[in-house]
Amino acid sequence: SLFDALRLLSDFRRAQPRIELAIETEPNALARLTQLHVDAAIFVGNAPPDELIGRQLMRLQLRWFATSTPRRAASPDECDFVVWTLAGSAELDEAWQRTCLRQLTSKPRIALRADTHHDALSAVRAGLGVALLNEAHAQGLRRVPFIESSAKFGIWLLTHPDLRRS
C-alpha cells in the first residue's frame, strides 16, 4: 500500500475503542462520510473536501526508484516507467504522474499501468521500470538521480463537522 494506515490508526483506535474501522478504497467512500454513513475517513491528497474537517497526520514524499541492479546507467529518455493510481483520489490519478514524467522527458515510455502503489512497487522490484514510490516502502531499491519529484501528499483523518465533539 501507499502508507501504513494500520500503524496510523492504532493510537486512534485505542483512544476510541467503540468506533468500528473499515478500509475502503472505492471512489465514493468520502461521499458516505459527507452523508454521515461513516464517522471518519483517511484521505490522501493536498485538498481535502471543504465540507469535512480533520487534521493532517503526515506527509508522503514520493521519489523515483528502480531495481537495485540496474541494467545500465540510463537517462529518463532511455527508461521504462511504471505508473499507478490511488483509487478514489482525484489528485493521485495517472495525470499527476504524467506531469512528473514530462518534467523528465518529453516522450516517457510507459511500460506498465498499475492499479495500486503496491503493484507498482512489485513491478519495480521485478525490474519492469522506474516509478514514483513512497520511500518508506522502497527498501532494497535504488533511488534514481532524476530531478527531485515535488510529489508530496498529505494523509488526513477527516470527519463530518457534526461529529466534531462526539
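What you see is a predicted model; the values in this text were computed from it and never measured. One is the number of the first residue; the rest follow in order along the sequence.
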- Query: Got a sec, which residues hit salt bridge (charged side-chain N to carboxylate O under 4.0 Å, His left out) with Arg125, two or more places apart in sequence or on another chain?
  - Reply: none
- Message: So, using side chain to side chain contact (heavy atoms under 4.5 Å, CB included) as the criterion, who are the partners of Ala131 when residues are at least two apart?
- Response: Val82, Val124, Leu133
- Which pair of non-hydrogen atoms, one from Ser68 and one from Gly140, has the smallest distance, and what is that distance? CB-O, 3.0 Å
- side-chain contact (heavy atoms from CB on, under 4.5 Å) between Glu78 and Thr105, worked out: CA-CA 9 Å; Glu78 300 169 322; Thr105 177; over 6 Å; no
- Item | Heavy-atom donor-acceptor pair, Asp115 side chain to Trp84 backbone, under 3.5 Å | no
- Would you please name every residue forming a side chain to side chain contact (heavy atoms under 4.5 Å, CB included) with Arg14, sequence neighbours left out? Ser10, Asp11
- Message: I'd like to know if the side chain of His117 and the backbone of Asn134 have a donor-acceptor N/O pair within less than 3.5 Å.
- Response: yes
- Message: Could you check whether any side-chain N or O of Trp156 sits under 3.5 Å from a backbone N or O of Gly54, counting only pairs where one atom can act as donor and the other as acceptor?
- Response: no
- Student check: side-chain heavy atoms of Ile53 and Leu158 closer than 4.5 Å: no
- Phe81: partners by ring-ring contact (aromatic ring centres under 6.0 Å, His included), with sequence neighbours left out: Trp64
- Message: What's the separation between atom CG in Leu121 and atom NE2 in His137, rounded to the nearest 0.5 Å?
- Response: 8.0 Å
- So, Asn46 side chain and Gly154 main chain: donor-acceptor pair closer than 3.5 Å or not? yes
- Query: Residues two or more places apart in sequence or in another chain: which of them pass side chain to side chain donor-acceptor pair (under 3.5 Å) with Thr99?
  - Reply: none
- Could you give the distance from CG (Asp77) to OG (Ser106), rounded to the nearest 0.5 Å? 6.5 Å
- Give, for atom OG1 of Thr67 and atom CG of Leu141, the distance between the pair rounded to the nearest 0.5 Å. 6.5 Å
- Val83 side chain near Leu112 side chain, heavy-atom distance below 4.5 Å: no
- Going by the salt bridge (charged side-chain N to carboxylate O under 4.0 Å, His left out) test, which pairs reach into residues 57-66, not counting sequence neighbours? Arg63-Glu135, Arg63-Glu148
- Should Leu132 and Phe65 be marked as a side-chain contact (heavy atoms from CB on, under 4.5 Å) after you check the CA-CA gap, both sets of side-chain angles, and the distance that decides it? CA-CA 6 Å; Leu132 278 170; Phe65 284 93; over 6 Å; no
- Note on the structure: For Thr116, the side chain to side chain contact (heavy atoms under 4.5 Å, CB included) test, sequence neighbours excluded, returns His118, Asp119
- Task: For the pair Leu60 and Ile155, evaluate side-chain contact (heavy atoms from CB on, under 4.5 Å) and give the outcome as yes or no after the intermediate values.
- Result: CA-CA 7 Å; Leu60 290 176; Ile155 307 293; 3.6 Å; yes
- What closest approach, in Å, do Ala120 and Ala114 show between heavy atoms, and which atom pair accounts for it? N-CB, 3.8 Å
- Message: Is the shortest side-chain heavy-atom distance between Cys79 and Val144 below 4.5 Å?
- Response: no
